[in-house]
Amino acid sequence: MPPLKYKVLYKGNFSEDGAARASDLWNYTTVKRILKNPVYLGHTLLGKSKKVSVKSKKKLNVPKDQWAVTENTHEAIVAQEVFDLAQFNLGKGTFDFRQYDHVRRSIFSGIAFCAQCGHALCSCGTVYKGEREKYWYLSCNRHRLDITDPCVGVRIKYSDILEVVRQDLNSLISLSPEEKEAVAREAMRRAGDDNLIKVKQLQLQKAKARLSTIDKVITKLYTDNAEGKIDDSRLERMLSELQRESAGLEKTIDSLSVVDSVNETQESYRAFFELANKYTHIRELDRDTLVTFVRRIEVGPKVLPDGTQKATHRNQPFRQSVRIFYKFIGELEGPPIREFPAVTDL
C-alpha cells in the first residue's frame, strides 16, 4: 500500500480530513522520490532543511551539497548499479515542449492552487479555428474519476486570472503615499489596537525583565544552598513561589505577543510598498513580476447567478473566488469574489 495509507492505518494521529486523503493508488511523485532516495542504498541523510528561526515553524530547503551524508549506516535494499541505472533513465521519456513557440507557457506554475482541494492548477485548453488564448484555462487536475475522493473541479480562463492579478497589483502600485500609509495603519489596527500598543510594550518589557531577574535569583538560591547559607526546606519553598510567578509571567508574555505582531506587520507593509515603488504601471503581467509580489493564489469554483454550479446556457455571467496572497503582507481586506461578465465559453 502507499506510504500515506500505511501511516493512516498503523501510525494513527490523523484527523478525519487527513485520513480521507489516503488512497490505495500510488502517486507518481512518491514513486519519483523513492527512485531518487539514497537512503535505500544504506545511507543516512540529515540537514536537508532548516528552520527560518528558533521561534518559527517554517523550514527552508538546504542545497544538496550542504547535506550531512553518512554512508553505510544500515542494510541497503537496492544495489548501487540498479540505483545508478534508475537515475540515468529518469526523465528519458519526457519531451521538452518549452523550445516550441506555439506551446502555452503559464506564469502561474507553483502559485495558483485549487481552493477546494489545495492541489496546483494545471495549464490546459484547446485550439478552435486558430484561437488559442480564448480557450486557455487553468484547471484542477484532481477533477478525475480515476482517483480516490476527486475534487469537485475548479477552472478559470487564463486571460481572466491574468487580468484579475494585473488589476489588483496596479491598484496597489497606484496608491498615493498617504493611501499606502492608511493601508498599513489599518493592518496594524487589525493586529492590535493602536492606543494599547505603548501600554502593552511597557508591560511586555517589565514581564521579560522580571523573568530574567527570577532566573538569576534561582541560580543564586542554588548557590546559597550548596554553600549552606539556606536549608533545603527553605530552598524548596522559595523555588515553588518563584516558579509559580515565572509561570504567570510567561502567560503574560504570550498574551502580549500582539505587540510583536504589530511591529512585524508594520515592517512587512513597509517592505512591500518599497518594492511596489519601483513599479509605475503593469501593462502586461509576466512571471518575474508575479513572483516578485505574489506568494499564492487560490481559485474557487464558478458560481452562477442562480447559485448552481452548472451553466444553463453558454453566454452567462458568473462569480468566482480568486484569493491573492501577497508576499510580506498576505491577503488584503475585502471579499475575494470576482464578478465575470458573460463569455462565449464557460
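Owing to the predicted nature of the structure, the values given are computational and were not obtained by experimental measurement. FYI, side chains are in, hydrogens and waters are out, and symmetry mates aren't considered; it's all heavy atoms of this structure. The residues of the chain are indexed from 1 along the displayed sequence.
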Spell out, as yes or no, whether a donor-acceptor pair under 3.5 Å connects the side chain of [X] to the backbone of [Y].
| X | Y | result |
| --- | --- | --- |
| Asn170 | His281 | no |
| Asn277 | Phe273 | yes |
| Glu179 | Ser176 | yes |
| Asn61 | Ser49 | no |
| Ser212 | Ala209 | no |

Less than 4.5 Å apart, side chain to side chain, heavy atoms only: is that true for [X] and [Y]?
| X | Y | result |
| --- | --- | --- |
| Ile173 | Thr280 | no |
| Tyr326 | Phe272 | yes |
| Arg287 | Ser109 | yes |
| His74 | Val39 | yes |
| Thr213 | Arg210 | yes |
| Phe293 | Leu275 | yes |
| Ile161 | Lys157 | no |
| Leu138 | Ser106 | yes |

Check against side chain to side chain contact (heavy atoms under 4.5 Å, CB included), Asp231 and Arg237:
CA-CA 10 Å; Asp231 56 32; Arg237 187 172 62 256; over 6 Å; no

Could you measure the distance from the [atom1] atom of [X] to the [atom2] atom of [Y]? Nearest 0.5 Å is fine.
| X | Y | atom1 | atom2 | value |
| --- | --- | --- | --- | --- |
| Asp232 | Glu236 | CG | CD | 8.5 Å |
| Lys220 | Tyr222 | NZ | OH | 14.5 Å |
| Cys114 | Ile297 | SG | CD1 | 13.5 Å |
| Gln243 | Ile218 | CD | CD1 | 5.5 Å |
| Thr219 | Asp224 | OG1 | CG | 11.0 Å |
| Thr44 | Trp67 | OG1 | CH2 | 13.0 Å |

Which heavy atom of [X] sits nearest a heavy atom of [Y], and at what distance?
| X | Y | value |
| --- | --- | --- |
| Gln320 | Val299 | NE2-CG1, 3.5 Å |
| Leu4 | Phe14 | CD1-CE2, 3.9 Å |
| Lys327 | Val294 | CE-O, 3.8 Å |
| Pro38 | Lys36 | CD-O, 3.1 Å |
| Gln116 | Pro301 | NE2-CD, 2.9 Å |
| Ser139 | Cys124 | CB-SG, 3.5 Å |

Going by distance alone, is a donor N or O of one side chain under 3.5 Å from an acceptor N or O of the other, for Trp136 and Ser123?
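Result is yes, a qualifying pair exists.
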
Do Thr289 and Asp286 have side-chain atoms, one donor and one acceptor, less than 3.5 Å apart?
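Checked: Thr289/Asp286 side chains pair up, N/O donor to acceptor below 3.5 Å.
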
Kindly work out whether a path of hydrophobic side-chain contacts (I/L/V/M/F/W/Y, heavy atoms less than 4.5 Å apart) joins [X] to [Y].
| X | Y | value |
| --- | --- | --- |
| Leu85 | Tyr40 | no |
| Leu25 | Tyr6 | no |
| Val78 | Leu35 | yes |
| Leu239 | Leu211 | yes |
| Val82 | Leu90 | yes |

Could you go step by step and tell me if Val322 and Ile156 meet the side chain to side chain contact (heavy atoms under 4.5 Å, CB included) rule?
CA-CA 10 Å; Val322 181; Ile156 186 171; 4.0 Å; yes

Step through the shown structure and confirm whether more than 12 heavy atoms of other residues, nucleotides or ligands are within 6.0 Å of [atom1] on [X].
| X | atom1 | value |
| --- | --- | --- |
| Lys5 | NZ | yes |
| Gln167 | CD | yes |
| Glu241 | CD | yes |
| Arg33 | CZ | no |

Test side chain to side chain contact (heavy atoms under 4.5 Å, CB included) on Arg323 and Glu331; report intermediate values, then the result.
CA-CA 7 Å; Arg323 302 179 64 186; Glu331 186 180 22; 2.7 Å; yes

Would you sort out whether Val164 and Ile324 count as a side chain to side chain contact (heavy atoms under 4.5 Å, CB included), showing the intermediate values?
CA-CA 9 Å; Val164 165; Ile324 304 173; 4.3 Å; yes

Arg296 bridged to Glu298 by N-O distance under 4.0 Å:
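Salt bridge: yes.
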
